[in-house]
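What follows is a short report on a single structure.
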Protein chains: 2
Amino acid sequence: MDRIDHGIIDRLRLNARAGYADIGAEVGLSASAVKRRIDRLVADGVIRGFTVQVDPAVEGLATEAYVELFCRGTVSPTDLKRILAGVPEIVEAGTVTGEADAIVIMRARDVIALEDALEKVRAAATVDHTRSAIVLSKLITRTAG
Amino acid sequence: MDRIDHGIIDRLRLNARAGYADIGAEVGLSASAVKRRIDRLVADGVIRGFTVQVDPAVEGLATEAYVELFCRGTVSPTDLKRILAGVPEIVEAGTVTGEADAIVIMRARDVIALEDALEKVRAAATVDHTRSAIVLSKLITRTAG
DNA sequence: TGCCGTGGTCGATTCGATCCATACGCACGA
DNA sequence: TCGTGCGTATGGATCGAATCGACCACGGCA
């Protein structure tokens, strides 16, 4: 992970379908050297995968919510992970400092679908209650971009 | 945006570097037909770009926080956007329902850098106070996956 | 019937995967 | 000190595969 690797990753972030020769021209390496480095980055797990950024509105996942999770007693992160893994609407989740035990980001087609998904989370015995904040308008979206 | 388009996007989501022929074999189209559809999806803005998923820890952005923003009086989303756009550590932000005016997701190298970034947000005159929740452990990460 | 959108085929070109020779850094021992 | 061997990284050449663009065929529709 030197400066060149970071340069390659930056280029791939902008366009994951860029050719090796193009990337090489920008970072000052030959195409084969670039390929070797990318292969190594993938093998090492630094690059987890190549994907597309899709307009969320088109995908039909226009409704998003941040949900604070409050649990009964003490729940291990492992248990929490198992509970949340079963809800596909959950995009991101993590245990956090502060009042809540975890914060969950959910994405669904509409508010109805969101409520259904939220109900699935609430159904877990360990979940005491939740506090939701539905996203009204997106101000900044720099995820993978 | 028919069923085939969704199939193509699903394939690309898993591997944005997949060949047209491979994708075509899965959705039942020839390679050139797949290319035409992908070109159209890009031109129409459905596909915003091709990117890589990088291990955040390797990228040196190991510390993440969810921050609730409370503003003085009423602040328009436009003003809020302008304020937040100047802080590069902000990954995502949106106005929300509920107590807080907005929720901001920040990512930084460590807690120190996070605090610095948070200070920049707090410096804005319209920001009354903030409530942060630092992520202890990531449970689910399905962003673009 | 003519037009438009969509898909298949084909050939020229480009790109990617793989091998080979080479250069640098470094430890080891004569 | 010098030479040798090893591991790592690079650049170039090669061959096969993928991509790109042009052309034509088919079906729905006014």
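Lettering follows sequence order; numbering is per chain, from 1.
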To the nearest Å, give me how far apart [atom1] ([X]) and [atom2] ([N]) are.
X       : N      : atom1 : atom2 : answer
B:Leu29 : C:dT9  : CG    : P     : 11 Å
B:Asp39 : C:dG5  : CG    : C1'   : 16 Å
A:Arg37 : D:dT8  : CZ    : P     : 14 Å
A:Leu12 : C:dG16 : CG    : P     : 11 Å
B:Ile38 : D:dT19 : CD1   : P     : 9 Å
B:Asp5  : C:dT6  : CG    : P     : 9 Å
A:Asp44 : D:dT8  : CG    : C1'   : 14 Å
B:Asn15 : C:dG16 : CG    : P     : 14 Å

May I ask you to say whether [X] pairs ionically with [Y], meaning some side-chain N is under 4.0 Å from a carboxylate O?
X       : Y       : result
A:Asp22 : A:Arg11 : no
B:Arg36 : B:Asp39 : no
A:Asp44 : A:Arg37 : no

*If you take atom types as modelled and just measure distance, does the side chain of A:Ser32 reach the base of C:dT18 with a donor-acceptor pair under 3.5 Å?*
no
*B:Arg40 side chain N/O closer than 4.0 Å to the phosphate oxygens (OP1, OP2) of C:dG5?*
no
_Please confirm whether the shortest side-chain N or O distance from A:Tyr20 to OP1 or OP2 of C:dA17 is below 4.0 Å._
yes
*asked:* Minimum heavy-atom separation for A:Thr130 and A:Phe70, please, with both atom names.
replied: CA-CD1, 4.4 Å
*asked:* Over all strands shown, is B:Arg36 touching base, sugar-phosphate only, or nothing at heavy-atom distances under 4.0 angstrom?
replied: base
*Which of these nucleotides, C:dA17, C:dG7, D:dG11, is closest to any side-chain atom of A:Lys35?*
C:dA17
*Say you draw a straight line from CZ of B:Phe50 to OG1 of A:Thr51; how long is it, rounded to the nearest 0.5 Å?*
9.5 Å
*asked:* Pick the closest DNA chain C nucleotide for B:Arg17 and for B:Ile4 by heavy atoms, then say which residue is nearer the 5' end.
replied: B:Ile4
